[in-house]
Chemist: 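Take this structure first; my questions come after.
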Amino acid sequence: MTFVTRFAPSPTGRLHKGHAFSALTAWTAAHEAGGRFILRIEDIDPTRCRPEFEAAILEDLGWLGLDWAQPVRRQSAHLADYAAVVADLEARGLLYRCFRTRKEILDAIGDAPHGPAEAVRPGPHPAGEEVRLLAEGRAFAWRLSLERARESLGEAAWNALSFREEGVGPAGESGLIRARPETAGDVVLARKDAGSAYHVAVTHDDALQGVSHVVRGEDLFEATHIQVLIQTLMGWPTPVYRHHRLLTGEDGRRFAKRDNAVTLAQLRADGVTPEALRAELGF
Ligand code: GLU
């Protein structure tokens, strides 16, 4: 099997040290395995992504000394592909329309016996109500019904949902891990106005691009559970996962895009060399 991995940033800000660590981890893994390193621009959210940040990503990663396979896939150029996945799941009866606002859902959960920690599973609206809300032109989201997904796969396949973790999750998880999509609830896979959600685009592209190993931060560990379910429903292979620890600053907090002091652009302006940064990050 060819080792293929990717770095998949969203161009919503400048890259910082944490991104450099993640990109270097993935790039080094590909090189050590004699495989391929892909850069993918995850810009499906037009309200948060900006072209100038995309240009800066290419510049920053080049400065860091990384190279990647061409052409670079930009998700905003493939929205129809993700919509087709949503349409397929919908045609198979696995999605339902949800007209509830975020606040309505949180309020409802707050009243529920298990309290706010319970995953969001609002369930379909009664048929008459749905027809009325549709006729009113109200905005809705398409949610993946875990109940219908489970019925569609059957108990044996549902219980076999799993992924191999070669890195480590936030609670020390590693090895063969049982996927538990129920912890995510009935996730939103598309919105009437904003198109498909991250889980759809990321699983579609990992399959399309033959990604064998997903190397990414442990903040996305939980997302893996629902992504494994989508892969299985779509008949796509589940890659091996290598979640890595998140870098933190001296105050113990993880880096965020708003932390200007640690952006690669600022480090560069301060005279830090790529060699020095690589060494500091352990590469
Ligand atoms: N685009 C996602 C982000 O910037 C990462 C997706 C992934 O690595 O699966 O957080």
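Just so you know, ligand 1 is whichever comes first in the structure, and atom 1 is the first atom listed for that ligand. Nothing fancy with the numbering, it's 1 onward along the sequence.
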Chemist: Counting only heavy atoms, which portion of Leu220 has something under 4.0 Å from ligand 1: side chain, backbone, both, or neither?
Modeler: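 Leu220 to ligand 1: side-chain contact only, backbone stays beyond 4.0 Å.
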Chemist: Judged on heavy-atom distance to atom 8 (O) of ligand 1, which of Arg6, Gln227, Glu42, His243 sits nearest?
Modeler: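 Looking at heavy atoms only, the winner is Arg6.
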Chemist: Provide the number and element of each atom of ligand 1 under 4.0 Å from a heavy atom of Arg216.
Modeler: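 Listed by number with element, the hits are 7 (C), 8 (O), 9 (O).
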Chemist: Under 4.0 Å between a side-chain nitrogen and a carboxylate oxygen: does that hold for Asp60 and Arg268?
Modeler: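 Yes.
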Chemist: Looking at Val202, which atoms of ligand 1 are within less than 4.0 Å of one of its heavy atoms?
Modeler: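 Counting from 1, the qualifying ligand atoms are 9 (O).
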Chemist: Report yes or no: does Ser212 contribute a side-chain atom to a donor-acceptor pair with the main-chain N or O of Val4 at less than 3.5 Å?
Modeler: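 Answer holds: yes.
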Chemist: Tell me whether ligand 1 is touched by Phe7 - counting only heavy atoms on the residue side and a distance under 4.0 Å.
Modeler: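 No; Phe7 lies far enough from ligand 1 that no heavy-atom distance drops under 4.0 Å.
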Chemist: Donor-acceptor pair, distance only, cut-off 3.5 Å: does the side chain of Asp45 make one with the backbone of Thr47?
Modeler: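 Pair found, side chain donor or acceptor close to backbone of Thr47.
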Chemist: Where does the angle between the aromatic ring planes of Phe163 and Tyr241 fall among parallel (under 30°), tilted (30 to 60°) and perpendicular (over 60°)?
Modeler: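 Phe163 vs Tyr241 ring planes: perpendicular.
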Chemist: Look at atom CZ of Arg97 and say whether more than 12 heavy atoms of other residues, nucleotides or ligands are closer to it than 6.0 Å.
Modeler: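 Yes - once you tally the heavy atoms of other residues, nucleotides and ligands closer than 6.0 Å, there are more than 12.
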